[in-house]
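Reading through the structure tokens given below for one structure.
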Amino acid sequence: MAIALVAIFHVWFGRVSGGVDVFLALSGFFFGGKIIRGALNETLSPPAEVVRLVRRLVPALVVVLAGCGLLTVLVQPQTRWETFADQSLASLGYYQNWELANSASDYLRAGEAVSPLQHIWSMSVQGQFYLAFLLLIAGCAYLLRRPLGTHLRTMFVVLLSALTVASFVYATFAHDADQANAYYNSFARAWELLLGALVGAFVPYIRWPMWLRTVVATVALAAILSCGALIDGVKEFPGPWALVPVGAAMLMIVAGANLQGHPSTGDRLPLPNRVLAVPPLVPLRAMAYSLYLWHWPPLIFWLSFTGHRHANFVEGTAVLLASGFLAYLTLRLVEDPLRYRVPTIAIPPVLEPTTVPAIPWQARLRRPTIAMGSVVVLLGVTLTATSFTWREHVTVLRAAGKELSGLSAQDYPGARALTEHVRVPTLRTRPTVLEVKNDLPVSTMDGCISDFVNPALVSCTYGDADATRTIALAGGSHAEHWITALDLLGRLHHFKVVTYLKMGCALSTEQVPLIMGNNATYPQCREWVQRTMEKLVADRPDYVFTTSTRPWNIKPGDVMPATYIGIWQTLSDNNIPILAIRDTPWLVKNGQPFNPADCLAKGGNGQSCGIKRSDVLSEHNTTADFVAQFPLLKPLDMSDAICRQDICRAVEGNVLIYRDAHHLTPTYMRTMAPELGRQIAASTGWW
């Protein structure tokens, strides 16, 4: 049921159902109970258990990864192949959750398309738990069996209780500090599996009457079924709200496993448990693992192929049916043959072992199990080698792209094709779609921008460091990407540029800032803005360069947020002029970010991979409406250096403009320096 909920909510509703949390808790219950019983009975063999886990988990995973690899090459653009290579290796190595945790907190990768392997994070958490739990219990049993004797079970209960509480407390704090990272964190998820193992240790000692078991099971089942609709798991898990699905699953287990509650009812299950045990659901339980592995990739590849944002009912039904069919084939052809050993033929005692005829190796290779095992190994080796090879290929290409800062202005005029109407020769676009990922602002490479979690103020100096005139570059990454042009202009016209930057955090008086794109709360931004404004007032730069508009979230175009006015008022009260740059157009199609590099990689061109100007920019820069109220406000508008009158193209002057859906490439920014210099000169009178 847990896996069915995961698949249905993911495919049809685009929500987290809590099914994964139930799945993790059940894994802890069954695996943890087995390991503890083995340790208490002195039958636990860690090497044999590891072999069993590999035979059970790895073959199906390899087949799914290989299928996803083939579809990635056929359906997705080359710009996404590297991410798939990284995540396929992470999935094979059972550290996919940490790969996703790093990318979730990595602003450079936050806009990437969802990976077809994203769901395997829970398999990685499960695999890590299995190994750690096995080593922990086996080690404790080996060291403490003699000293503790019959109290070994008590020690296990105390140890598991302490670890469960510690992990839950950690998950609560990690959720509050950085929920996106905590969502994939093994230590924040461990309590769900540990609680399952702990319940397994208590179940034999619980005695409940049938009426109580039925009530508990009914409430628990209702909680599990309604969790996805009532709780936004993407934002609330693995914090305290995850207790709802996990606690409900444990109550279902206690109600169903408590077979000694009363002599007259001890051998019967409560009604909700019997419902889940009806014959039609038995095959679904058998292929739960394969269904989980397969339910997500068909959805992602279908959305990538069609360009849709969500699957409708018909599409979702087709995806679920395809996932179920693939899961059934994987179960019958891969999981079962490789999971169960072929029974050995007993040798009659009257025969000596040497009289058993040898089986030719050709015949052995023709056995279905040997053949399928060989195929799985070959797929795994091929997938690993291909992933490493592609990563090396991309690394070599990017190493060859280090000369981007020295491209010929005649061959690669970039923005000058729009502002000065210079001639554009026919040459390949630079940076290429594979080079663009590493075409980053110097401040990013220098670590001069505070990340999402860190509220500290980080400052660096660019331009002419010895100059007496100063421009403070303050705000989020949309202020940051102007550093390339400002650095050039500062060295040319003798002013220094001091950075006050934080990812996704524009200067604003918002009491509860939100991260643009996913609307997650961003308390660190508010704290950082307060510190930055105090520092700006104390430093008193000649000008503060910051963004003055944002895209509308309810209609096309851009707008000047009212929460910027308080910032301008504070700076004006302290006699600090503001160079207010109109924000870069955010490329959005059909309600989702649009990456021009992906489009170009699919065979599009600068025109077809562009977007209508009216969809991303209003006709009028509303910042200009506030000049009378704030005389020190100097509006700057570089929109005509990015977009034509009717369209914002992906490429101008042989230069790729965007490195994702809303950040400009430093290569294109260098070509905008002359026009930006003209506007700054007009506002400051410095040259």
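These values consider heavy atoms only, across backbone and side chains, with no hydrogens, waters or symmetry-generated copies.
For R491, the side-chain contact (heavy atoms from CB on, under 4.5 Å) partners two or more places apart in sequence, or in a different chain, are D487, L488. Qualifying disulfide bond (SG atoms under 2.5 Å apart) partners for C609, counting only residues two or more places apart in sequence or in other chains: C599. Contacts of W528 classified as ring-ring contact (aromatic ring centres under 6.0 Å, His included), with partners at least two apart in sequence or in another chain: none. For P674, the side-chain contact (heavy atoms from CB on, under 4.5 Å) partners are E420, R678, not counting sequence neighbours. Under the side chain to side chain donor-acceptor pair (under 3.5 Å) criterion, D439 pairs with T667, not counting sequence neighbours. Scored by the salt bridge (charged side-chain N to carboxylate O under 4.0 Å, His left out) test, R644 finds E652 as partners (sequence neighbours excluded).
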Practice problem: Please test R670 against V655 for side-chain contact (heavy atoms from CB on, under 4.5 Å), starting from the C-alpha separation and ending with a verdict. | Solution: CA-CA 10 Å; R670 292 184 191 94; V655 180; over 6 Å; no

Quiz prompt | Stepwise side-chain contact (heavy atoms from CB on, under 4.5 Å) check, V544 with L579 | solution = CA-CA 6 Å; V544 171; L579 295 174; over 6 Å; no

Practice problem: Could you walk me through whether R416 and E675 pass the salt bridge (charged side-chain N to carboxylate O under 4.0 Å, His left out) test, one step at a time? | Solution: CA-CA 8 Å; R416 292 173 54 239; E675 175 60 24; over 6 Å; no

Exercise. Determine, stepwise, if the pair E99 / D86 fulfils side-chain contact (heavy atoms from CB on, under 4.5 Å).
Key: CA-CA 8 Å; E99 177 75 15; D86 290 339; 3.6 Å; yes

Quiz prompt | Audit row: T419, D640, side-chain contact (heavy atoms from CB on, under 4.5 Å) steps and yes/no | solution = CA-CA 7 Å; T419 59; D640 289 340; 5.8 Å; no

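The distance from the CD1 atom of I578 to the CG atom of L633 is 5.0 Å, given to the nearest 0.5 Å. We find the CG-CG distance between L486 and L676 to be 5.5 Å, quoted to the nearest 0.5 Å.
Of all heavy-atom pairs spanning P425 and N654, the tightest one is O-ND2, 2.8 Å. Minimum interatomic distance between R659 and T665 (heavy atoms only, all atoms of both residues): N-CG2, 3.6 Å. Closest non-hydrogen pair, F301 versus V75, comes out as O-CG1, 3.8 Å. Across all non-hydrogen atoms, the minimal contact from A580 to S548 is CB-CB, 3.6 Å. Here the shortest heavy-atom pairing between G476 and L501 reads O-CD2, 3.9 Å. Closest approach of C648 and V616 over heavy atoms only: SG-CG2, 3.9 Å.
Counting only distance, with no hydrogens or angles, the side chain of T549 and the backbone of D583 share a donor-acceptor pair below 3.5 Å. The backbone N or O of A624 sits nowhere less than 3.5 Å from a side-chain atom of N621 that would complete a donor-acceptor pair. Proximity of a side-chain donor or acceptor of H481 to a complementary backbone N or O of L664 within less than 3.5 Å is detected. In this structure, H478 contributes its side chain and H662 its backbone to a donor-acceptor pair below 3.5 Å. When atom types are taken as modelled, the side chain of R582 and the backbone of T622 share no donor-acceptor pair closer than 3.5 angstrom. Side-chain atoms of Q76 do not come within 3.5 Å of backbone N or O of S304 as any donor-acceptor pair. Side-chain atoms of E315 come within 3.5 Å of backbone N or O of N312 as a donor-acceptor pair. The backbone N or O of F237 sits less than 3.5 Å from a side-chain atom of Q179, completing a donor-acceptor pair. Counting only distance, with no hydrogens or angles, the side chain of S115 and the backbone of L117 share a donor-acceptor pair below 3.5 Å. Proximity of a side-chain donor or acceptor of T684 to a complementary backbone N or O of I680 within less than 3.5 Å is detected.
In this model, no donor atom of one side chain and acceptor atom of the other lie less than 3.5 Å apart for S443 and D446. Of the N and O atoms on the side chains of S186 and N97, at least one donor lies less than 3.5 Å from an acceptor on the other residue.
The stretch residues 530-591 participates, sequence neighbours left out, in no disulfide (SG to SG under 2.5 Å) pair at all. Within the structure, side-chain hydrogen bond (donor to acceptor under 3.5 Å, both in side chains) pairs that include any residue of residues 503-514 comprise S508-T563 (at least two apart or interchain). Applying the disulfide (SG to SG under 2.5 Å) rule to pairs touching residues 541-570 yields nothing, sequence neighbours excluded. For the disulfide (SG to SG under 2.5 Å) condition, the pairs that include at least one residue of residues 411-463, sequence neighbours left out, are C448-C460.
Using a 30° and 60° split on the angle between ring planes, W686 and F495 fall in the tilted class, from 30° to 60°. Below 30°, between 30° and 60°, or above 60°: for W482 and F545 the angle between ring planes is between 30° and 60°, a tilted geometry. Ring pair W568/F630 is perpendicular by interplanar angle, where above 60° counts as perpendicular and below 30° as parallel.
Residues I483 and T499 form a side-chain contact, since some pair of their non-hydrogen atoms from C-beta on lies under 4.5 Å apart. Side chains of L404 and L407 form a contact here, defined as non-hydrogen atoms less than 4.5 Å apart. Side-chain contact check for V442 versus P666: every heavy-atom pair is 4.5 Å or farther apart. Considering only heavy atoms from C-beta on, I449 stays 4.5 Å or farther from V458 through its side chain. Side-chain contact between Q87 and L100 is present, with at least one heavy-atom pair separated by less than 4.5 Å. Contact annotation: the side chain of P441 approaches that of T444 to within less than 4.5 Å [non-hydrogen atoms, C-beta and beyond]. I581 is listed as a side-chain neighbour of M638, based on a closest heavy-atom distance under 4.5 Å. Side-chain contact between D660 and H663: present, with at least one pair of heavy atoms (C-beta onward) separated by less than 4.5 Å.
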Taking only distance into account, with no hydrogens and no angle test, what donor-acceptor pairs under 3.5 Å do side-chain atoms of residues 408-415 form with protein atoms, sequence neighbours excluded?
unit_1	atom_1	unit_2	atom_2	d
S408	OG	Q410	N	3.2
S408	OG	D411	N	3.3
Y412	OH	R428	O	3.2

Which pairs of donor and acceptor atoms, one on a side chain in residues 533-543, lie under 3.5 Å apart (sequence neighbours left out)?
unit_1	atom_1	unit_2	atom_2	d
K535	NZ	D539	OD1	3.0
K535	NZ	D539	OD2	2.7
D539	OD2	Y500	OH	2.7
R540	NH1	N574	O	3.0
R540	NH2	N574	O	2.7
D542	OD2	T470	N	2.7

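Salt-bridge check for K612 with D646: failed, with every basic side-chain N at 4.0 Å or more from each acidic carboxylate O. With respect to the salt-bridge test (charged N to carboxylate O, under 4.0 angstrom), the residues D558 and R550 do not qualify. Using a 4.0 Å cut-off between charged nitrogen and carboxylate oxygen, K496 and D464 do not count as a salt-bridge pair. Using a 4.0 Å cut-off between charged nitrogen and carboxylate oxygen, E435 and R430 count as a salt-bridge pair.
The aromatic ring centroids of W121 and Y183 lie less than 6.0 Å from each other.
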